[in-house]
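Proteins get letters first, then strands, A, B, ... in listed order; numbering begins at 1 in each.
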2 protein chains.
Amino acid sequence: MPALRPALDFYFDFISPFGYFASLRVDDLARRYQHQVRWHGMLVGVSVLKVMGLPPIPSIPLKGAYTLHDARRYARRHGILLGRDLAAPPGNPLAPGRLFAWAQTIHADQAKTLAHLLFDRYWRCNEDLDNEALQATLTAEAGLDWQRYQAAVQTSDPNTPSPAALLHANVQAATQRGVFGSPFFIVNNEPFFGVEKMETLEDWLNAGGW
Amino acid sequence: MPALRPALDFYFDFISPFGYFASLRVDDLARRYQHQVRWHGMLVGVSVLKVMGLPPIPSIPLKGAYTLHDARRYARRHGILLGRDLAAPPGNPLAPGRLFAWAQTIHADQAKTLAHLLFDRYWRCNEDLDNEALQATLTAEAGLDWQRYQAAVQTSDPNTPSPAALLHANVQAATQRGVFGSPFFIVNNEPFFGVEKMETLEDWLNAGGW
């Protein structure tokens, strides 16, 4: 039996278009080299604004416009239809982030399915993820129990972390590992930032590093 | 006779390691698709600090350390030997920038040869480019006339722009085209930022865009 390869850690924020683009490819990419992928939520609002102390990318002169252009070019190339205007103000990342953080504590694969559904509704369908009816639908679609999530949100049991506390802990853990943007990948402690780094990541997995 | 393809504009700063890495590949890459390359000096100190209003990358928490790691990983992969410590404070970019800006007004190919020599001495040999004896040697090695450069530096003719004025104008022109980092590439008004974008740039040249 071959030795199990180390998992690839994939960090993303639902409101990051490049995180969405990466979510569509990362499992296929890793599977080709017998790596599993662990998905982790993070918040670019925390990493960019608070940890790095930078302004939001869209507001940066020249770089903001370039990044928008680059995202549209990537989407065209990969046949990704974006219902959402990339230049529109971002939605609230906390609602999907908390739901996903909770889902992970229940079942990693169902959480991944839920993340795909959330990404899809936000970027392809341009729906508002801060909508409980939609969250309930997608949670059920992923095979998870919405009532159980509601109970977790409302719990007053001090030994059960709330979804908000789970997301907060995940964001802190990501920062401690050096994650500063979305998407971000770590395998064997080797960090790769950005969707454009996925070819380099693939070469790294293929070669076993260099 | 086939129609001439548009030139690929390549922007770089001598003190940018990723600019150096790109300088080693850009002409070969473009030649495969029958594009000529026009080299342009720029200053990351102007684009990053003044135009974008950002701190120097090495000083940004998490991203600074990642960028250093990424540059070393790139150099290892491409067999590039760096005599210069990537974590060391950068040298003065004005000295090589002005010399190159002047050289371009004399002869584009000789200026490119001079740029290669300057990059090589700075990054591979860890020499100080703010050294007139070295500048004189490399200028002569590139087939250019050091005395003529000295005269250009000292000119009081108001109709002859000084090398400093030439560099200043180049930096302004780069900013006006949206260039905000090193390396940066523009072909047919299509912008590509970063050495990691060279594969995408190559695909773009090969496909004629998408």
Go through the steps for B/Ile60 and B/Leu54 under the test side-chain contact (heavy atoms from CB on, under 4.5 Å), then give the verdict. CA-CA 9 Å; B/Ile60 299 175; B/Leu54 302 179; 5.5 Å; no

Stepwise, does the side-chain contact (heavy atoms from CB on, under 4.5 Å) test hold for A/Leu201 with A/Leu8? CA-CA 10 Å; A/Leu201 168 64; A/Leu8 170 65; 4.1 Å; yes

Using the rule given for side-chain contact (heavy atoms from CB on, under 4.5 Å), can you reason through A/Val37 versus A/Leu29, listing the C-alpha separation, both sets of side-chain angles and the distance that settles it, and then say yes or no? CA-CA 10 Å; A/Val37 185; A/Leu29 187 158; over 6 Å; no

Residues A/Leu134, A/Leu118; criterion side-chain contact (heavy atoms from CB on, under 4.5 Å); working and verdict: CA-CA 9 Å; A/Leu134 177 62; A/Leu118 288 162; over 6 Å; no

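Put simply, of B/Ala65, B/Pro61, B/Ala207, B/Pro191, the one with the most heavy-atom pairs under 4.5 Å next to chain A is B/Pro191.
Separation of atoms CG (A/Leu129) and CZ (A/Phe119) is listed at 9.5 Å; rounding is to 0.5 Å.
Here A/Ala22 pairs with A/Phe10, A/Pro183, A/Phe185, A/Val195, A/Met198 under the side-chain contact (heavy atoms from CB on, under 4.5 Å) rule; sequence neighbours left out.
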Donor-acceptor pairs between chain B and chain A under 3.5 Å, which ones?
{"residue": "B/Tyr66", "atom": "OH", "partner": "A/Phe193", "partner atom": "N", "Å": "2.7"}
{"residue": "B/His69", "atom": "NE2", "partner": "A/Glu190", "partner atom": "OE2", "Å": "2.7"}
{"residue": "B/Asp70", "atom": "OD1", "partner": "A/Lys197", "partner atom": "NZ", "Å": "2.7"}
{"residue": "B/Asp70", "atom": "OD2", "partner": "A/Lys197", "partner atom": "NZ", "Å": "2.9"}
{"residue": "B/Arg73", "atom": "O", "partner": "A/Trp210", "partner atom": "NE1", "Å": "3.1"}
{"residue": "B/Arg73", "atom": "NH1", "partner": "A/Glu190", "partner atom": "OE2", "Å": "2.8"}
{"residue": "B/Arg73", "atom": "NH1", "partner": "A/Pro191", "partner atom": "O", "Å": "2.7"}
{"residue": "B/Arg73", "atom": "NH2", "partner": "A/Pro191", "partner atom": "O", "Å": "3.0"}
{"residue": "B/Arg76", "atom": "NE", "partner": "A/Trp210", "partner atom": "O", "Å": "3.1"}
{"residue": "B/Arg76", "atom": "NH2", "partner": "A/Trp210", "partner atom": "O", "Å": "3.0"}
{"residue": "B/Arg77", "atom": "NH2", "partner": "A/Asp203", "partner atom": "OD2", "Å": "2.3"}
{"residue": "B/Glu190", "atom": "OE2", "partner": "A/His69", "partner atom": "NE2", "Å": "2.7"}
{"residue": "B/Glu190", "atom": "OE2", "partner": "A/Arg73", "partner atom": "NH1", "Å": "2.8"}
{"residue": "B/Pro191", "atom": "O", "partner": "A/Arg73", "partner atom": "NH1", "Å": "2.8"}
{"residue": "B/Pro191", "atom": "O", "partner": "A/Arg73", "partner atom": "NH2", "Å": "3.0"}
{"residue": "B/Phe193", "atom": "N", "partner": "A/Tyr66", "partner atom": "OH", "Å": "2.7"}
{"residue": "B/Glu196", "atom": "OE1", "partner": "A/Thr200", "partner atom": "OG1", "Å": "3.2"}
{"residue": "B/Glu196", "atom": "OE2", "partner": "A/Lys197", "partner atom": "NZ", "Å": "2.7"}
{"residue": "B/Lys197", "atom": "NZ", "partner": "A/Asp70", "partner atom": "OD1", "Å": "2.7"}
{"residue": "B/Lys197", "atom": "NZ", "partner": "A/Asp70", "partner atom": "OD2", "Å": "2.9"}
{"residue": "B/Lys197", "atom": "NZ", "partner": "A/Glu196", "partner atom": "OE2", "Å": "2.7"}
{"residue": "B/Thr200", "atom": "OG1", "partner": "A/Glu196", "partner atom": "OE1", "Å": "3.2"}
{"residue": "B/Asp203", "atom": "OD2", "partner": "A/Arg77", "partner atom": "NH2", "Å": "2.3"}
{"residue": "B/Trp210", "atom": "O", "partner": "A/Arg76", "partner atom": "NE", "Å": "3.1"}
{"residue": "B/Trp210", "atom": "O", "partner": "A/Arg76", "partner atom": "NH2", "Å": "3.0"}
{"residue": "B/Trp210", "atom": "NE1", "partner": "A/Arg73", "partner atom": "O", "Å": "3.1"}

